[in-house]
Structure formats: C-alpha cells, structure tokens
Amino acid sequence: MKKPSIPKGTRDFSPAEVTRRHYIMDIIKSCFTNYGFQPIETPSFENSETLMGKYGEEGDRLIFKILNSGDFLRKVNDVMMTEKDSIKITSKISEKALRYDLTVPFARYVVQHQNDITFPFKRYQIQPVWRADRPQKGRFREFFQCDADVVGSKSLWQEVELVQLYDAVFSKLKLNGATIKMNNRKILSGIAEVIGAEDKLIDFTVALDKLDKIGEDGVKKEMREKGISESAIEKVQPLFSMQGTANEQLESLKDLLSASQVGMQGIEELSFIINKVSQLGLETATLAIDVTLARGLNYYTGAIFEVSAPEGVSMGSIGGGGRYDDLTGIFGMKDVSGVGISFGLDRIYLVLEELDLFPSTVTANTKVLFINFGEAESLYAMKAIKQLRAKGINAELYPDNAKMGKQMGYADKRDIPYTILAGGNEMEAGTYTLKNMKSGEQDTVQLNGVIQILS
RNA sequence: GUGGUUGUAGCUCAGUUGGUUAGAGCGCUGGUUUGUGGUACCAGAGGUCGCCGGUUCGAACCCGGUCUUCCACCCCA
C-alpha cells in the first residue's frame, strides 16, 4: 500500500509544535485584547466573486478554487470547451474559493453587518488562509494570519497604536531587534506625480521595492523596461541614497515632493506617526522609514507597514499591513477607512525556532506519572490522581501493568518530571513514593505532601 | 506560473566507471536488571532505494514522466 501523504505546502503539527504555536498565538491574542480588539471568525471559503479581482491578476491565480458540486460540467458549453479558456470555464464550474487573506473577508463582513457594528470597529482574527503558491522556506500553501484592523476611523492615532502593538507582541515573544518599516502610499503617489509617471505608479513602486534585493542599477533597469522615462529615473535619484534619521529622511522627502500636494500630505501623516511613536517610546522594536517599501496590496492608500525579522535571520517579512480608505468601497460601502496589521504566525515560529527563543516551559506536559502495579494498586493511584487533577496538577496513570523499566522509560521519553510508585507497602501505609526524575531522588509522603511538592 | 534542486531504514546520511545478499550512527524491540528511567554491554527487528515507465544480460546509480523538498524569479505572511 502506498504511504499516505499530505498536499504540497501543508504540514502536520506534532504536540510540541502545536504547543509552541499556541504559545505565539496566546501572546498575540492577549496583546490584541489588551489594545481593545475583539475577535471575529469568517468561513474558510467565500463566494468567488468576493475574492476574485481583489488581489490583482497575480492574486487571482493564487486563489484556490473549489469545484462545484454535482454535474459541474453541464454549464460549460462545447464552444467554451474547445476554446479551452481556463478563466472563463473556471467561473462556470467554480463558485466558491478558499480564503486568500483575512482583510477582504473582513471588509465583506463589515459591509454585510454594517447595521450591527458600532464604529470604529476594532476586530482581530486568527485563522488559516490558503494560497496556491509554490512553497519555499517560510512560504506555505496553508498558513495562519493574525490580523488586527480598525474600521471607521481616519485618526492617525490608530497607526500609532498599531506600531505599539507590533512592538508589544515582539517584545513579549522576546524577539528583540524586529524592524517595523513604514512608508505611505501618498508619498509614493507624490513621487510618481513629481516625476511624471503617475500612470506607472504600480510598476514604479514594484521596481522601487526591490532596491535592497537587486540594487540601484537593477531597479533603474526594471523601471526602464517598464517604460519609465530616463528623466523620471533621474529625478528619483535622491531615493536611492536616502539615509540618516527619520527626521532627516522626511526633510529630504519634503524637498523632493514640495510640488506635490498628495506627497506632502503623505509626509505629514508619516511625520505624525513617527513623531508620536518616538515620544511614547518602543520597548524592543525599531521603527524606520523605508521609502522603497511598496509591498502589499493595491488597496493601501495611506500608511504601509512591514516587519522584518532581526538581522541575520533569513526570513521574509513576518508581518505587514497598512491603511485602506476604499476597501469596503468595493462592496458598496463608501467612506469607511480602515487600517490594520497582520502577523505571520508560521514565519514568526520559524524565526523563534532559529533564534532558540521558545521558553523551555512551553511544554504543556503531564507533571506526574503513576506507575501501574496492577488492578488494586491502579485504583489506589486513580483516587490520588482524581484529587491531584482537582488541584490542577496534570497527572496520569500508566495504562498497563508493564515492566517498571518500560514505565519509567515512558516517563523519561515524555519528559514527565515526576513519577509515583505506589504498591502494596504504600497502600498499607496510605503513602506515595514520589520520585524526581531529574535528580533521581525519591521520598515517601502522604497525598498532601505530593500536592505540596507538585503545586 | 517559469527555471533549477532534492528524495536510500523511524531520523541524519554513506553507497566506487551500472555488477552477487544496499550500509553506518542515532532511535526502536528484547536481554544483562520481575520495585526504578536517563549511562554501559549483548542480541534483534526494520528498506519493492519517492512513484511509474524506458535503456541494459543486469539499475539505488543512466534516460523520460510524475510527486515531494529546497532555491531563484513572480508575488507575499
């Protein structure tokens, strides 16, 4: 028989892995709650029309489509079959698709439940998403996103809070040295405007985004290939050598963008955020301006966030987000501004693992294993176990009357710190022999003594 | 989606220009030790060499396809 397997880009999680994932999730969740966000959940699949076209052409390709039930080919006529136009046929045979991110379903949720929601609405959502991407390290076809978004407020204090929220989570995870990079879509628009390449904004920003990867010459080459004029590229030269403190960078941006109203507004917004965050202070993260930061979905209209792991860790971004003024607009609800951030759980896991940052106490394990000596002894053990459990002490009985060596070995393998030996002698005396598996020491005590030591 | 890469025991990996019965370490099972695990010693089990097909007298090794892994591009958490 063929060995069973799971699809490419998906994973099983062992008890140790799930425990560690919960450790991360619990910290994120507690910070979300601490900042006033409330949880919602949405279905793992949506109507295709909700998702399609929201992530660009590339995004559509990466959305997992769900085949219709029943005789789905009936709706496809022979002309379409012979044309072999996959996109046309897809819309006929598939009407549902797996969630690609949490932001678009959230926008749908807000529009759909607008009458029940009190704005500004702060929601968090921790659920898996699916992308039909080709897997790589830190890139899966099923992975968890942890999103916190606010809709219904244009206040820049939200951005300030979200930066603090990033800092709070990474600090609690002991993940020191994370860099929160910020940019503003209006600054990018302003640059495009100033250099006269407004129509090529996306091409321009995508190329600019690759600066640290392919270098100045590479970016210029790509811009030329996309049809951006030589004079425009020349004007943009200051961006390649942007350095110094945040304020210095903002100053040189002001010089560059003085002619652009949009651009100046972007600078103003970014200044506000940088300024307020610096007055409030951050624990362990660093906030930095990155004018080349253009990643993210086409719908960002203001702030853009991206978090990179501490230096030396080879991992893409471990978080991202931004402000989108028009997101609910695509579902017919105007003038509702939203801003949010996302944590990439799976990538954070890999970073914590690489840096060995999981606390050793992250093992929700049994505290004490009772050795099984037979039926009467087991009942004696179970009575004690019942009381230990009532006290919140994780306890269990080895289920079979196996050889002691095997039972002790089991405790050892599972890293159970204590064992209890209670045979005929102990039963007669009403005591328990408690053994510390690490030191090898053992003591015969009453049940109260056991509770005291294990509490 | 494009190009490349990887796959041999539960795990990490050897395996000669294609040649008899495919190996090691760790792990596992049993024993030395029937109320004492982690260390030691002894013995043992476990592999249609990812899968399918082809070339050959003969394939883990060569060729094609496919799946998987990782990498680059694309894009992204």
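Here is the naming used below: chain letters follow the sequence lines, and residue numbers restart at 1 for every chain. In what follows, every heavy atom counts, from backbone to side chain, and hydrogens, waters and symmetry copies are set aside. For clarity, every value in this text was computed on a predicted model and none was experimentally measured.
- Atom CZ of A:F64 and atom P of B:G1 are 10 Å apart (whole Å).
- Going from the P atom of B:U55 to that of B:C70 covers 35 Å, rounded to whole Å.
- A donor-acceptor contact shorter than 3.5 Å is absent between the side chain of A:Y55 and the backbone of A:R61.
- Between A:Y380 and A:Y432, a ring centre-to-centre spacing shorter than 6.0 Å is recorded.
- The two residues A:A246 and A:I289 have their closest heavy-atom pair at O-CD1, 3.6 Å.
- Regarding A:M25, its CE atom lies at a distance of 18 Å from the P atom of B:A77, rounded to whole Å.
- You'll find that the side chain of A:R347 is closest to B:A77, out of B:U69, B:C73, B:A77.
- Across all strands shown, B:G25 forms a Watson-Crick or G-U wobble pair, both distances under 3.5 Å, with B:C11.
- Counting any heavy atom pair closer than 4.0 Å across all strands shown, A:K210 reaches sugar-phosphate atoms only and no base atom.
- B:G25 and B:U68 are spaced 34 Å apart, taking the P atom of each and rounding to whole Å.
- Rounded to a whole Å, the CD1 atom of A:I318 is 18 Å from the P atom of B:C76.
- Judged by Watson-Crick or G-U wobble contacts below 3.5 Å, the nucleotide B:U66 has B:G50 as its partner.
- Here, B:U21 and B:C26 have their C1' atoms 25 Å apart, quoted to the whole Å.
- Distance noted for atom C1' between B:C62 and B:G18: 8 Å (whole Å).
- Spacing of P atoms, B:G23 relative to B:U48, comes out at 15 Å, to the nearest Å.
- Residue A:V206 is in sugar-phosphate contact alone, with no base atom involved, counting any heavy-atom pair closer than 4.0 Å across all strands shown.
- Separating the CZ atom of A:R141 from the P atom of B:C67 is a distance of 11 Å, rounded to the nearest angstrom.
- At the heavy-atom level, A:G59 lies nowhere under 4.0 Å from the strands shown.
- Taking the nucleotide of RNA chain B with the nearest heavy atom to each of A:Q145 and A:R134, the more 5' of the two is matched to A:R134.
- One can place CZ of A:F140 at 7 Å from P of B:C70, the figure rounded to the nearest angstrom.
- Between A:F143 and A:E222, the residue anchored nearer the 5' end of RNA chain B, judged by the nucleotide with its closest heavy atom, is A:E222.
- Both cation-pi conditions hold for A:R131 and A:Y100: the charged atom is under 6.0 angstrom from the six-membered ring centre and inside a 45 degree cone around its axis.
- One atom, CD of A:E58, and another, P of B:U2, lie 12 Å apart when rounded to the nearest Å.
- Put simply, NZ on A:K8 is 16 Å from P on B:U5, counting in whole angstrom units.
- Between A:E46 and the choices A:K96, A:R108, A:R99, the salt bridge (Lys or Arg N to Asp or Glu O under 4.0 Å) rule is met once, by A:R108.
- Of the P atoms belonging to B:G7 and B:U2, the separation is 23 Å, rounded to the nearest Å.
- One atom, CG of A:L62, and another, C1' of B:A77, lie 13 Å apart when rounded to the nearest Å.
- Donor-acceptor pairing under 3.5 Å, judged by distance alone, is present between the side chain of A:R139 and the base of B:C75.
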For nucleotides 32-46 of chain B, give me one character per nucleotide, 5' to 3': B if any protein heavy atom sits under 4.0 Å from the base, S if the only such contacts are to the sugar-phosphate, - if neither. ---BBBB--------
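- Side chains of A:Q158 and A:S155: no donor on one and acceptor on the other come within 3.5 Å.
- Taking atom C1' on both nucleotides, B:G47 is separated from B:A9 by 5 Å, rounded to a whole Å.
- Remark: A:R11 is positioned above the aromatic ring of A:F140, its terminal NZ or CZ atom under 6.0 angstrom from the ring centre and at most 45 degrees off the axis.
- Cation-pi contact between A:R141 and A:F64: absent, since separation from the ring centre below 6.0 Å together with deviation from the ring axis within 45° is not met.
- Between A:F305 and A:Y166, the ring planes are perpendicular. Angles over 60° get that label, and only those under 30° would be called parallel.
- Looking at A:R61, its side chain has no donor and acceptor atom pair within 3.5 Å of the base of B:C74.
- B:C41 and B:G31 make up a base pair, with Watson-Crick or G-U wobble contacts both under 3.5 Å.
- Only the C1' atoms considered, B:C61 is 11 Å distant from B:U17, to the nearest whole Å.
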